[in-house]
**Q** 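Dropping a structure here in structure tokens format, bear with me for questions.
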Amino acid sequence: MTGTTDTGASLSWNAVPGATGYAVYRNGTQANTSAVTGTTYTDSGLTAGTTYSYTVAALDSAGTVGTQSAPVNATTAAAAACFTDNNYNQTVAGRAHQSGGYVYANGSNQAMGLWNVYTVHTLKQTGTNTYVVADGQC
């Protein structure tokens, strides 16, 4: 397993000599619709914060499926938290800070405009006390 997002898992494995492709199994059911010809596969459309078990089996030139590998677990990341509010409330909530009358997202320091109740932004939490402006992306 090489990495996960909130909706996907990326897998890689060592090549099997003579294999013409691979079948990837998620929780015992084949995840790929056609043979994977390389040694990587990205599974998408998964549920955030969920653990999945993967195995891989080599295919020979006749399409015969070999023995499945030992399972490896992948847990998708939790869904990102998003907060839509005015700049004043974003600072009061601790997601942003103000300097000289302007507001900046904590961690990323992205400019958000004037420190007032009229300017509204959506902030997406990307880490501990780290936010990015994500207007229209949550």
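Predicted, not measured: the structure shown is a model, and the values here were computed from it. Computed from heavy atoms alone, side chains included, the values below leave out hydrogens, waters and symmetry copies.
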**Q** Verify the neighbour count for atom CG of N14: are there more than 12 heavy atoms of other residues, nucleotides or ligands below 6.0 Å?
**A**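 No, not enclosed.
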**Q** Hey, are W115 and T91 close enough side-chain-wise for a donor-acceptor pair under 3.5 Å?
**A** yes
**Q** Are Y41 and V72 co-members of a hydrophobic cluster defined by side-chain heavy atoms under 4.5 Å apart?
**A** yes
**Q** So, for A78 and D6, which heavy atoms are closest and what is the spacing to 0.1 Å?
**A**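 Residues A78 and D6, closest heavy atoms: O-CB, 3.9 Å.
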**Q** Decide yes or no for L11 and V24: does some side-chain heavy atom of the first lie under 4.5 Å from some side-chain heavy atom of the second?
**A** yes
**Q** Just how far is it from atom CG of N87 to atom OH of Y102, taken to the nearest 0.5 Å?
**A**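 Atom-to-atom, N87:CG and Y102:OH are 12.0 Å apart.
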**Q** Are any side-chain N or O atoms of N106 and backbone N or O atoms of Y131, one a donor and one an acceptor, separated by less than 3.5 Å?
**A** no
**Q** Taking Y25 as the starting point, is it possible to reach L46 by hopping between hydrophobic residues whose side chains are less than 4.5 Å apart?
**A**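 Different clusters: L46 never reaches Y25 through Ile, Leu, Val, Met, Phe, Trp or Tyr contacts under 4.5 Å.
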**Q** Between Q137 and V132, is any pair of side-chain heavy atoms under 4.5 Å apart?
**A**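 Not touching, per the 4.5 Å side-chain cut-off.
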**Q** Quick check on Y88: does its OH atom have over 12 non-hydrogen neighbours (other residues, nucleotides or ligands) under 6.0 Å away?
**A**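 It does not: Y88 OH has 12 such atoms or fewer within range.
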**Q** Please answer whether the main-chain N or O of G21 pairs with a side-chain N or O of T37 as donor and acceptor at a distance below 3.5 Å.
**A** no
**Q** Return the CD to OG1 distance between Q90 and T84, rounded to the nearest 0.5 Å.
**A**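 Interatomic distance, Q90 CD to T84 OG1, rounded to 0.5 Å: 7.5 Å.
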**Q** If you look at every heavy atom in T4 and A77, which pair is closest and at what distance?
**A** OG1-N, 4.1 Å
**Q** Linking I/L/V/M/F/W/Y whenever any side-chain heavy atoms sit under 4.5 Å apart, do V16 and V65 land together?
**A**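 Hydrophobic grouping puts V16 apart from V65.
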**Q** Below 4.5 Å, heavy atoms only, C-beta onward: do L123 and V133 meet side chain to side chain?
**A**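 In short, these two side chains touch, coming nearer than 4.5 Å.
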**Q** Return the CE to CD distance between M112 and Q98, rounded to the nearest 0.5 Å.
**A**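 CD of Q98 is found 12.0 Å from CE of M112.
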**Q** Whether the side chain of N32 engages the backbone of Y22 through a donor-acceptor N/O pair (distance < 3.5 Å, no angle test) should be reported.
**A** yes
**Q** Report the distance from atom CH2 of W13 to atom OG1 of T40, rounding to the nearest 0.5 Å.
**A**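 If we round to the nearest 0.5 Å, W13:CH2 and T40:OG1 are 6.0 Å apart.
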**Q** Is it the case that one hydrophobic cluster holds both L114 and V117, taking links as side-chain heavy atoms less than 4.5 Å apart, direct or via other members?
**A**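 As far as the 4.5 Å side-chain criterion goes, V117 and L114 are not connected within one cluster.
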**Q** Is the shortest heavy-atom distance from the side chain of T39 to the side chain of S12 under 4.5 Å?
**A** no
**Q** To check you understand the geometry: which heavy-atom pair defines the closest contact between A105 and S108, and what is its length?
**A** CB-OG, 3.5 Å
**Q** Where the side chain of N86 meets the backbone of Y118, is there a donor-acceptor pair that is under 3.5 Å apart?
**A** no
**Q** Between S53 (side chain) and N27 (backbone), is there a donor-acceptor pair under 3.5 Å?
**A**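 The answer is no, because no donor-acceptor pair under 3.5 Å joins these two groups.
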**Q** Can you name the nearest heavy-atom pair linking T122 to D135, along with the distance?
**A**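 Smallest heavy-atom distance, with atoms named: N-OD1, 2.6 Å.
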**Q** Side chains of Y52 and D43: does their closest heavy-atom pair fall under 4.5 Å?
**A** no
**Q** How far apart are the closest heavy atoms of A23 and Q30, and which atoms are they?
**A** CB-NE2, 3.7 Å
**Q** Heavy atoms only: give me the nearest P71-T55 pair and the separation to one decimal.
**A** CA-CG2, 3.7 Å
**Q** What distance do S69 atom OG and Y54 atom OH have between them, rounded to the nearest 0.5 Å?
**A** 12.5 Å
**Q** For the atom pair CZ (R95) and OG1 (T130), what is the distance rounded to the nearest 0.5 Å?
**A**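 Here the rounded value is 14.0 Å.
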**Q** Is it the case that the side chain of T76 and the backbone of T50 share a donor-acceptor pair, with hydrogens and angles ignored and the cut-off at 3.5 Å?
**A**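 Yes; judged by distance alone, with no hydrogens or angles, the pair exists.
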